[in-house]
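A short write-up of the structure that comes next.
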2 protein chains.
Amino acid sequence: MITNMKSLKAILEEKGIKPTYQRLKILEYMSRNTVNHPTVEMIYEKLLKDIPTISMTTVYNTLNAFLEKGLVDAITITGTEMRYDFNTDSHHHFLCKRCGRIMDIEVTCPFSEGKKLQYGHRVEEVHGYFKGICKDCLKDVRNSAEESSL
Amino acid sequence: MITNMKSLKAILEEKGIKPTYQRLKILEYMSRNTVNHPTVEMIYEKLLKDIPTISMTTVYNTLNAFLEKGLVDAITITGTEMRYDFNTDSHHHFLCKRCGRIMDIEVTCPFSEGKKLQYGHRVEEVHGYFKGICKDCLKDVRNSAEESSL
DNA sequence: CTTCATATTTGTAATCATTTTAAATATGTA
DNA sequence: TACATATTTAAAATGATTACAAATATGAAG
Ligand SMILES: [Mn+2]
Ligand SMILES: [Mn+2]
Ligand SMILES: [Zn+2]
Ligand SMILES: [Zn+2]
């Protein structure tokens with residue numbers, strides 16, 4: 001895990017972002033929640049416990065700064081709100097229509113190789129995702145089906 | 001082109017949607033603008049010329065109905081607004097960061113084959129897209145570079 | 001052709017995520 | 001200590017979308 005080797009402070013300084021308390025806390029949260037793909041709301045609510053004065057605007061501003069410097073990726077799968085990803089390595093996602101969770105999917109195929117010119121366009125980002133019902137929700141659905149047939 | 005074979009009216013009736021004037025006009029617009037991937041705004045502004053009384057709400061309602069019945073697909077690439085696609089065959093997209101256009105990309109790879117169980121999840125939709133600078137914008141950028149070096 | 005029930009359309013208000021703005025606070029330096 | 005600058009904050013503004021309720025259209029029954 002990169003976060004252990006390089007301190008959060010060093011990560012920010014390397015990108016030319018002043019390592020303020022709130023920025024460090026936001027980056028720390030992101031680095032510890034790679035499976036979540038959290039919303040601004042989720043980050044804000046959690047940090048509120050440590051920093052009672054933090055504002056939503058700071059979370060928005062900070063994530064936009066991180067985004068510009070390539071410290072995080074933005075995921076626009078749901079259509080309602082932005083989800084953020086600390087893992088900027090090329091990978092795909094799965095959105096569960098039932099529980100709303102977004103999970104990582106490793107895909108190895110020509111599509112995800114990316115960064116090549118397509119149709120004469122200059123490709124800078126490659127995104128791929130699936131939508132459906134996740135493993136856990138499938139189990140839930142099966143269980144409630146059993147119950148109702150008792 | 002499917003729209004020539006089967007009338008717009010027949011398409012709606014087949015899906016159990018009453019073919020009202022505004023619905024037919026919206027479907028007609030969608031069928032004639034498959035390269036656009038239009039926003040609600042774009043559809044509304046265009047239809048306003050034929051139907052001066054049409055409301056934004058009707059466009060939203062109608063597209064949501066079409067979406068439920070699988071007559072169109074929704075594209076959530078930009079993060080700001082929904083884009084709609086009359087072409088519901090599995091294909092990918094390219095979003096130009098400069099001009100904002102979304103264009104179709106044919107991709108043939110294991111990823112786009114889709115509809116298979118991944119990680120135990122039930123996959124219902126497969127989405128893939130690229131972001132970058134489109135062919136035309138690359139040309140523009142090159143041209144303005146020339147100009148400024150005169 | 002009326003009358004009534006139902007579905008659709010419309011305009012307005014409400015909602016929700018995000019951005020803008022300006023004031024308050026913190027930081028670093030002279 | 002004083003001041004310039006950057007950051008944070010709260011509040012207001014924006015923009016896309018949905019919710020709501022009134023107006024209108026449609027279609028069957030009499
Ligand atoms: Mn991820
Ligand atoms: Mn398309
Ligand atoms: Zn789930
Ligand atoms: Zn372009």
Side-chain angles (χ1 to χ4, degrees), chain A residues 8-9 12-13 15-29 37-69 71-85 95 100 102, chain B residues 8-9 12-13 15-29 37-69 71-85 95 100 102:
Chain A
L8 297 170
K9 193 153 165 279
L12 291 183
E13 281 168 345
K15 294 289 185 177
I17 301 173
K18 278 193 190 153
T20 66
Y21 185 59
Q22 14 286 83
R23 285 170 178 169
L24 283 166
K25 283 298 194 178
I26 292 170
L27 189 63
E28 184 188 33
Y29 178 94
H37 304 93
T39 63
V40 162
E41 177 82 28
M42 287 161 74
I43 301 167
Y44 172 74
E45 290 299 341
K46 185 63 190 302
L47 292 189
L48 213 49
K49 292 166 186 169
D50 285 324
I51 320 168
T53 62
I54 200 169
S55 78
M56 207 86 153
T57 307
T58 297
V59 182
Y60 274 107
N61 288 340
T62 301
L63 286 169
N64 283 336
F66 288 2
L67 218 45
E68 268 176 36
K69 300 295 183 174
L71 280 181
V72 299
D73 276 350
I75 305 175
T76 60
I77 299 187
T78 68
T80 53
E81 83 286 284
M82 198 71 92
R83 306 284 287 254
Y84 295 91
D85 196 340
L95 169 66
I102 294 177
Chain B
L8 297 169
K9 191 152 166 283
L12 290 183
E13 281 169 345
K15 296 288 185 177
I17 301 173
K18 278 191 191 155
T20 65
Y21 184 59
Q22 13 285 84
R23 285 170 179 169
L24 283 166
K25 282 298 193 178
I26 292 170
L27 189 63
E28 183 188 33
Y29 178 94
H37 304 94
T39 63
V40 163
E41 176 83 28
M42 288 162 74
I43 302 167
Y44 172 74
E45 291 298 341
K46 185 63 191 304
L47 293 189
L48 213 50
K49 292 166 185 169
D50 285 324
I51 320 167
T53 60
I54 200 168
S55 78
M56 206 85 155
T57 306
T58 297
V59 182
Y60 274 107
N61 288 341
T62 302
L63 286 169
N64 282 337
F66 288 1
L67 218 44
E68 267 175 36
K69 301 294 184 176
L71 280 181
V72 298
D73 276 350
I75 305 175
T76 61
I77 300 186
T78 69
T80 53
E81 82 286 283
M82 199 69 94
R83 308 284 286 254
Y84 295 90
D85 196 342
L95 169 66
I102 293 177

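What you see below is based on every heavy atom in this structure, not just the backbone, and it leaves out hydrogens, waters and symmetry mates. Order of the sequence lines sets the chain letters (A, B, ...), proteins ahead of strands, with each chain counted from 1.
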Students often get this wrong, so: under 4.0 angstrom with heavy atoms, is [X] touching a base, only sugar-phosphate, or nothing?
{"X": "Thr57(A)", "answer": "base"}
{"X": "Met82(B)", "answer": "sugar-phosphate"}
{"X": "Glu41(B)", "answer": "nothing"}
{"X": "Thr58(B)", "answer": "base"}
{"X": "Thr80(B)", "answer": "sugar-phosphate"}

**Prompt:** Which distance, rounded to the nearest 0.5 Å, do you find between the OG1 of Thr76(B) and the CG of Leu95(A)?
**Reply:**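 The CG atom of Leu95(A) is 9.0 Å from OG1 of Thr76(B), to the nearest 0.5 Å.
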**Approximate separation, where rounding is to 0.5 Å, of Asp73(A) CG and Met82(A) CE** =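 The distance works out to 11.0 Å.
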[X] [atom1] to [N] [atom2], straight-line distance once rounded to whole Å:
{"X": "Met42(A)", "N": "dT18(C)", "atom1": "CE", "atom2": "P", "answer": "13 Å"}
{"X": "Tyr44(A)", "N": "dA10(D)", "atom1": "OH", "atom2": "C1'", "answer": "10 Å"}
{"X": "Glu81(B)", "N": "dT18(D)", "atom1": "CD", "atom2": "C1'", "answer": "17 Å"}
{"X": "Leu63(A)", "N": "dT19(C)", "atom1": "CG", "atom2": "P", "answer": "10 Å"}
{"X": "Ile51(B)", "N": "dA25(D)", "atom1": "CD1", "atom2": "C1'", "answer": "14 Å"}
{"X": "Tyr21(A)", "N": "dT25(C)", "atom1": "OH", "atom2": "P", "answer": "19 Å"}
{"X": "Ile54(B)", "N": "dT9(C)", "atom1": "CD1", "atom2": "P", "answer": "8 Å"}
{"X": "Phe66(A)", "N": "dT7(D)", "atom1": "CZ", "atom2": "P", "answer": "12 Å"}

**Prompt:** Quick one: on DNA chain D, does Asn64(B) or Lys18(B) contact a more 5' nucleotide (nearest heavy atom)?
**Reply:**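 Comparing both residues, the 5'-ward one is Asn64(B).
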Does a side-chain N or O of [X] approach OP1 or OP2 of [N] to a distance below 4.0 Å, or not?
{"X": "Gln22(B)", "N": "dT10(C)", "result": "yes"}
{"X": "Thr20(B)", "N": "dT9(C)", "result": "yes"}
{"X": "Tyr60(B)", "N": "dT17(D)", "result": "yes"}

**Message:** Taking the minimum atom-to-atom distance to the side chain of Asn61(B), which one of dT10(C), dT9(D), dT19(C) wins?
**Reply:**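 Nearest listed nucleotide: dT10(C).
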**Request:** Select from Arg23(B) and Pro52(B) the residue whose nearest nucleotide in DNA chain C is closer to the 5' end of that strand.
**Result:**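 In this pair, the answer is Arg23(B).
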So, do [X] and [Y] sit near enough that their side-chain heavy atoms are less than 4.5 Å apart?
{"X": "Ile17(A)", "Y": "Lys69(A)", "answer": "yes"}
{"X": "Phe66(A)", "Y": "Leu12(A)", "answer": "yes"}
{"X": "Met56(B)", "Y": "Val59(B)", "answer": "no"}

